[in-house]
Amino acid sequence: MAEFSNDRGAKPFQKKTQAVDFAEGSKLQPQDREVEEAVLGALMLERDAFGVVCDILKPESFYDPQHQKIYEAIQALGLKQEPIDMLTVVQQLRLEGRLDEVGGALHISELTSKVVSAAHIETHARIVAQKFLARQLIEFCSKIAGKAFDESYDVDDLLQEAEGELFGISQNNLKKDFVQIDPVITEAIEQIAAAGQKESGLSGLATGFHKLDKLTSGWQNSDLIIIAARPAMGKTAFVLSMAKNMAVDYNTPVALFSLEMSNVQLVKRLICNVCELEGDKIKSGKLTQAEWDQLQYRVRRLFSAPLFVDDTAALSIFELRTKARRLVREHGVKIIIIDYLQLMNANGMKFGSREQEVSTISRSLKQLAKELNIPIIALSQLSRKVEDRKDSNSKRPQLSDLRESGAIEQDADIVCFIHRPEYYMHSSEDSEKSVKGKAEFIVAKHRNGAVDDVEMRFVARFARFQNWEDSNIPDRMETIESRFGDDNSSQPTGSSIAGGSVSDVPNVPGVPDMHDADFSTPAEPLPF
């Protein structure tokens, strides 16, 4: 391949360095002085002009330093709701001691004389704003390029910094204009009609938990849902049970970002859930012949399920945005689950405290949900003060228990808690009050609906949540061997289950035949 060269015989990497220098110093920055003057002149001619451009322009939007100071004076008058004209602007600059810095009263009068009317002020203001955005991007790219050439910078840290700064630029310049209500009414009626045509009557995504779906009408697009609990309450077990219901039973594409567990650990828990096998046996591999048969038969439900798992540790909000957009665009993902919020970070941005960082993360998740128009579920930890309450009945979580930031409560459309009373019960308590297996899913905040408690059943041996009215799976599973049949069911089968009773398991249409599977070698990873 031909190399780039110049008269001095520069090497390719030297050529790139010169390109950076050229962008920084030799090329004129994007600007339009005449348009800036037209905007300032119009602001001093038209009484209501400032209201048109106040959300478009900032003082730094102007390239000329004199123009920045003049706009700051105009902005100060506007905030005080005082008249804005040539005389008041001159007076404001005089009070600030800046009149001579901007060229005196003569220069202010010249600005007004160059404009006939303020008819096109919004168009001119947007030109100024676009020039400013272009300058921001040039400065951003030049700074990142300079650091990339400096080998003292860690590339991963630089990437995080670049994502953070670019995110900040995009958010500061992201504006959505108002719309007349008619098309919004049409869209709302179409959604109501579509929900009415569904047998379930849900307008959102079904979770498989019937009472919860009835309360929320399914998870709604653009909603941020926070599910919080103390450790050992089963947050991950709940979202895995829900993800299985949605992806396997309803064929809804689901993306799960796990910052705490690896994808293999998550899939093992899914296998426990779907195959109804105890977690300890899955970890040890000490399964009876009948249990191997059951695993082999039921695990087929997971193959080809539209469930996508990402186990990136210390995931940043900026990485999440990039991956989420790709998942929605390429795989049609309808819901995103994050386990869990406090393990995320906003690298590349500076914060005074961890609470401010968590606030930025929760706000960004809500913005992402609106941008992609899908529900986003984020798990969250609760503070330790729940454990400090003496009475077991008082350990029910409440909104004030949300850890690290009140912004989580403010940003979320729905805040839910998982509470299992039996976790705090002591053996000395009255057996008639036993709540074994009971889980309370508490909807404590619901921006667009009612709040209530939903009873569910937690099957600890399978780390699974299910509808309370469903049969008690642990009791039913006592007959595994009787259903599959095995003369040596009490003995672990070790490394292979080829042959035997597996051959009696019927094939599932559309799923590869696994009867001849050899467990003496590591299996191929599940295709998630």
Side-chain angles (χ1 to χ4, degrees), residues 159-177 204-205 207 216 218-228 235 239 242-243 246-247 252-260 306-349 351 354-381 402 404-416 445-448:
L159 182 61
Q160 293 285 338
E161 179 182 345
E163 289 177 332
E165 291 195 21
L166 187 59
F167 175 73
I169 293 173
S170 65
Q171 290 303 303
N172 290 335
N173 292 276
L174 183 62
K175 304 291 182 183
K176 188 171 183 180
D177 206 355
L205 301 178
T207 66
T216 63
W219 298 135
Q220 302 295 314
N221 287 339
S222 80
D223 273 4
L224 173 62
I225 302 111
I226 300 295
I227 301 177
K235 297 187 297 295
V239 293
M242 182 181 67
M246 300 179 79
T252 301
V254 178
L256 174 58
F257 290 85
S258 175
L259 286 77
E260 190 174 31
L307 180 57
F308 305 89
V309 179
D310 185 304
D311 61 355
T312 302
L315 181 72
S316 74
I317 185 64
F318 316 113
E319 290 177 292
L320 174 67
R321 288 173 64 89
T322 301
K323 293 180 177 182
R325 288 167 175 164
R326 181 180 175 188
L327 284 164
V328 171
R329 182 178 65 252
E330 297 181 2
H331 301 286
V333 163
K334 301 297 184 183
I335 185 171
I336 290 174
I337 303 170
I338 301 162
D339 182 13
Y340 60 92
L341 187 149
Q342 278 82 8
L343 291 180
M344 295 188 68
N345 63 67
N347 287 348
M349 302 180 72
F351 303 95
R354 172 60 179 167
E355 182 177 346
Q356 293 177 357
E357 184 174 17
V358 172
S359 299
T360 298
I361 292 170
S362 66
R363 184 169 61 253
S364 300
L365 289 177
K366 174 57 183 175
Q367 292 170 348
L368 182 61
K370 289 185 66 177
E371 175 189 337
L372 300 179
N373 196 33
I374 62 172
I376 291 181
I377 296 177
L379 302 188
S380 177
Q381 291 279 24
L402 283 171
E404 287 187 310
S405 178
I408 297 176
E409 175 188 347
Q410 297 170 12
D411 295 328
D413 297 281
I414 301 177
V415 178
C416 311
K445 175 188 176 182
H446 190 186
R447 185 167 286 157
N448 300 308

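When a residue number appears, it is its place in the shown sequence, counting from 1. Computed from a predicted model, the values in this text were never measured in an experiment.
- K334 places no side-chain N or O within 3.5 Å of a backbone atom of L205 that could act as its donor or acceptor partner.
- When all heavy atoms of S222 and K370 are compared, the pair lying nearest together is CB-CA, 4.0 Å.
- Between atom CZ of residue R321 and atom CD of residue Q367 there is a gap of 7.0 Å, rounded to the nearest 0.5 Å.
- Residues H446 and T216 come closest through the heavy atom pair CE1-CA, 4.0 Å.
- Residues forming a salt bridge (Lys or Arg N to Asp or Glu O under 4.0 Å) with K366 (at least two apart in sequence, or on another chain): D413.
- The minimum heavy-atom distance between T207 and M246, with the atom names listed, is CA-CG, 4.1 Å.
- Between atom CD1 of residue I374 and atom CG of residue D223 there is a gap of 11.5 Å, rounded to the nearest 0.5 Å.
- Atom-to-atom distance recorded for Q220:CD and R447:CZ is 13.5 Å, nearest 0.5 angstrom.
- Contact annotation: the side chain of W219 approaches that of M242 to within less than 4.5 Å [non-hydrogen atoms, C-beta and beyond].
- Taking each heavy atom of I226 and L341 in turn, the nearest pair found is CD1-CD1, 4.1 Å.
- Residues M344 and L320 have side chains in contact (heavy-atom distance under 4.5 Å, counting atoms from C-beta outward).
- Looking at heavy atoms from C-beta onward, Q410 lies out of side-chain contact with R363 at the 4.5 angstrom threshold.
- Between N221 and P375 there is a side-chain heavy-atom pair separated by less than 4.5 Å.
- In plain terms, the two heavy atoms of A247 and P306 that are nearest each other are O-CD, 3.3 Å.
- Distance CG/L327 to CG/L372: 9.5 Å, rounded to 0.5 Å.
- Judged by distance alone, with hydrogens and angles left aside, the side-chain atoms of D310 form a donor-acceptor pair with the main-chain N or O of T312 at under 3.5 Å.
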Trace of the side-chain contact (heavy atoms from CB on, under 4.5 Å) decision for L365 with D411: CA-CA 9 Å; L365 289 177; D411 295 328; over 6 Å; no
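- Listed here is the closest heavy atom pair of I225 and C416: CG2-SG, 4.4 Å.
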